[in-house]
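Structure first, then comments.
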2 protein chains.
Amino acid sequence: MMFSKSCEYAIRAAVYIAGESSISNKVSIVQIAHAIDSPKHFTGKILQTLSRKKIISSLRGPHGGFYIDNDSSVFLIDIIRAIDGDELFTSCVLGLKKCSDIKTCPVHEQIQPIRNQLTIEFSKKSLNEMILDVKQNKYFLK
Amino acid sequence: MMFSKSCEYAIRAAVYIAGESSISNKVSIVQIAHAIDSPKHFTGKILQTLSRKKIISSLRGPHGGFYIDNDSSVFLIDIIRAIDGDELFTSCVLGLKKCSDIKTCPVHEQIQPIRNQLTIEFSKKSLNEMILDVKQNKYFLK
DNA sequence: AGGGTAAAGGATAATTTTGTCTTTTATTAT
DNA sequence: ATAATAAAAGACAAAATTATCCTTTACCCT
Ligand code: FES
Ligand code: FES
């Protein structure tokens, strides 16, 4: 698995929220969990984290829920870093204490360029970009 | 994490075994665990799996241990598949039930080429290739 | 002000992964 | 044959991840 289950839910939820919400039209956990087919309470926990890290916003009370202010400034890598940290991009794939160019494991040279490519792609990909085709049923969240 | 802890140990152990053993000079779990800095018994379990899947060989009794017949025919991807399966290469990174080109998630198009690249690199990389530089302390296993 | 709504937060539980320990089995050397 | 050795196998334990439930807090509407 490239991402943890939590991170998978986080990304799918964020894309849904970005696509369906605005400051004046928030979405509830129930809606989100239904839309992305995820466990309701667990999803709540994860969104709580994203909210604390200022990636999404939330408001309690009636007509409360989750929403995103400006979805074009949130990138995929922000979500990944918020949930899984950046060990996918920086720590040794073979589990050596430290991944550096000085003391490398036998797959470092192969992995490093691919990992850089991953970082670049995830850094380029904004939520805004992703929601477009989801609305036209070109991409799916469940 | 790209690989499970088990898979990390498996790869490091396999490289060590390939480099240090032959049919006439097997290595014990104790030696392996020491060389790659891994929990002894847990490593034993993992090597048992590799052994059952014919990736490495083992023999009990005095002067028994683990060894590899022809290390040039074992590729990194074989070890990964034996321990983690091939979900890293084939299942949806966002956790959709199925990853296919027909019903794709919003990151499929970015991920697919990178994942193919990963598959290619791991398929090319033989144990034999990896041990060379380990012996000259260019690469490390702990 | 007060009642209803929805996220936040905390406690708890199930599951999976990781790790340890002990017994059994196979092999070798004496 | 017997004793010593080393992996195989199974039982058990700890930790992390995933998931559920319940209470509290904030917010809105009447
Ligand atoms: S040292 Fe292993 S990936 Fe860099
Ligand atoms: S559908 Fe998600 S990676 Fe292919």
Side-chain angles (χ1 to χ4, degrees), chain A residues 1-14 16-17 20-21 23-34 36-68 83-85 87-88 94-95, chain B residues 1-14 16-17 20-21 23-34 36-68 83-85 87-88 94-95:
Chain A
M1 264 206 221
M2 187 157 294
F3 304 134
S4 68
K5 218 93 193 71
S6 294
C7 195
E8 293 176 356
Y9 293 146
I11 296 169
R12 277 152 58 198
Y16 176 75
I17 295 169
E20 297 298 318
S21 81
I23 182 103
S24 58
N25 183 29
K26 309 176 187 68
V27 292
S28 72
I29 294 185
V30 176
Q31 283 179 279
I32 297 166
H34 182 257
I36 70 172
D37 193 21
S38 69
K40 189 172 69 172
H41 294 100
F42 191 44
T43 306
K45 279 271 140 98
I46 296 162
L47 293 179
Q48 210 174 302
T49 306
L50 289 187
S51 179
R52 268 198 304 270
K53 304 222 171 172
K54 309 288 182 201
I55 289 168
I56 65 177
S57 307
S58 69
L59 211 64
R60 302 182 190 188
H63 302 112
F66 295 95
Y67 63 102
I68 294 191
I83 304 295
D84 281 352
E87 59 146 16
L88 175 63
L94 294 196
Chain B
M1 263 207 224
M2 189 158 294
F3 304 135
S4 68
K5 219 91 193 75
S6 293
C7 196
E8 292 177 359
Y9 294 147
I11 295 169
R12 278 151 60 197
Y16 176 76
I17 295 169
E20 298 297 319
S21 80
I23 183 100
S24 58
N25 182 30
K26 309 177 186 69
V27 290
S28 72
I29 294 183
V30 176
Q31 284 179 278
I32 297 166
H34 182 258
I36 69 171
D37 192 21
S38 69
K40 190 172 70 169
H41 294 100
F42 191 43
T43 306
K45 282 266 142 102
I46 295 161
L47 293 179
Q48 210 173 302
T49 306
L50 288 185
S51 178
R52 268 198 304 270
K53 302 222 174 175
K54 309 290 182 196
I55 289 168
I56 64 177
S57 306
S58 69
L59 211 65
R60 301 181 190 188
H63 303 109
F66 295 94
Y67 63 101
I68 293 191
I83 304 296
D84 282 352
E87 59 147 16
L88 175 63
L94 294 195

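Each chain gets a letter, A, B and so on, in the order the sequences are listed, and its residues count up from 1. Since the structure is predicted, the reported quantities are computational estimates derived from the model, not experimental observations.
- Residues that satisfy the side chain to side chain donor-acceptor pair (under 3.5 Å) test with A:S4, not counting sequence neighbours, are A:D84.
- Separation of atoms CE (B:M2) and CZ (A:F3) is listed at 9.5 Å; rounding is to 0.5 Å.
- Taking only side-chain nitrogens and oxygens, A:Y9 comes nearer than 4.0 Å to OP1 or OP2 of D:dA19.
- Nucleic acid contact class of A:Y67 (heavy atoms, under 4.0 Å, all strands): none.
- Remark: B:E20 CD to B:Q31 CD distance equals 8.5 Å, nearest 0.5 Å.
- Between A:K5 atom NZ and D:dA16 atom C1' the separation is 16 Å, expressed in whole Å.
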- Sugar-phosphate atoms are those with a prime plus P, OP1 and OP2; base atoms are the rest. Using that split, label each nucleotide of nucleotides 1-12 of chain C B, S or - for protein heavy atoms under 4.0 Å, 5' to 3'. ---BBBBSBBB-

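- Contact check for B:L50 versus B:I17: no side-chain heavy atoms found under the 4.5 Å cut-off.
- Separating the CD1 atom of B:I68 from the C1' atom of D:dA7 is a distance of 16 Å, rounded to the nearest angstrom.
- Rounded to an integer number of Å, the gap from B:I46 CD1 to D:dG10 P is 17 Å.
- Close to D:dT17, at under 4.0 Å from its OP1 or OP2, lies no side-chain N or O of A:S6.
- Per the geometry, CD1 belonging to A:I36 stands 14 Å off C1' belonging to D:dA19, to the nearest Å.
- In this entry the distance linking CG of B:D84 with C1' of C:dT17 reads 11 Å, nearest Å.
- Applying the side-chain contact (heavy atoms from CB on, under 4.5 Å) criterion to B:I29, with sequence neighbours excluded, gives B:K40, B:F66.
- The closest donor-acceptor contact from the side chain of B:K26 to the backbone of B:I23 lies under 3.5 Å.
- The interatomic distance linking A:M1 (CE) with D:dT17 (C1') rounds to 10 Å, in whole Å.
- Without hydrogens or angle criteria, A:T43 side chain to A:P39 main chain gives a donor-acceptor distance under 3.5 Å.
- Rounded to whole angstrom, the span from the NZ atom of A:K26 across to the P atom of D:dA26 amounts to 17 Å.
- The CD1-C1' distance, from B:I83 to C:dT17, rounds to 13 Å in whole Å.
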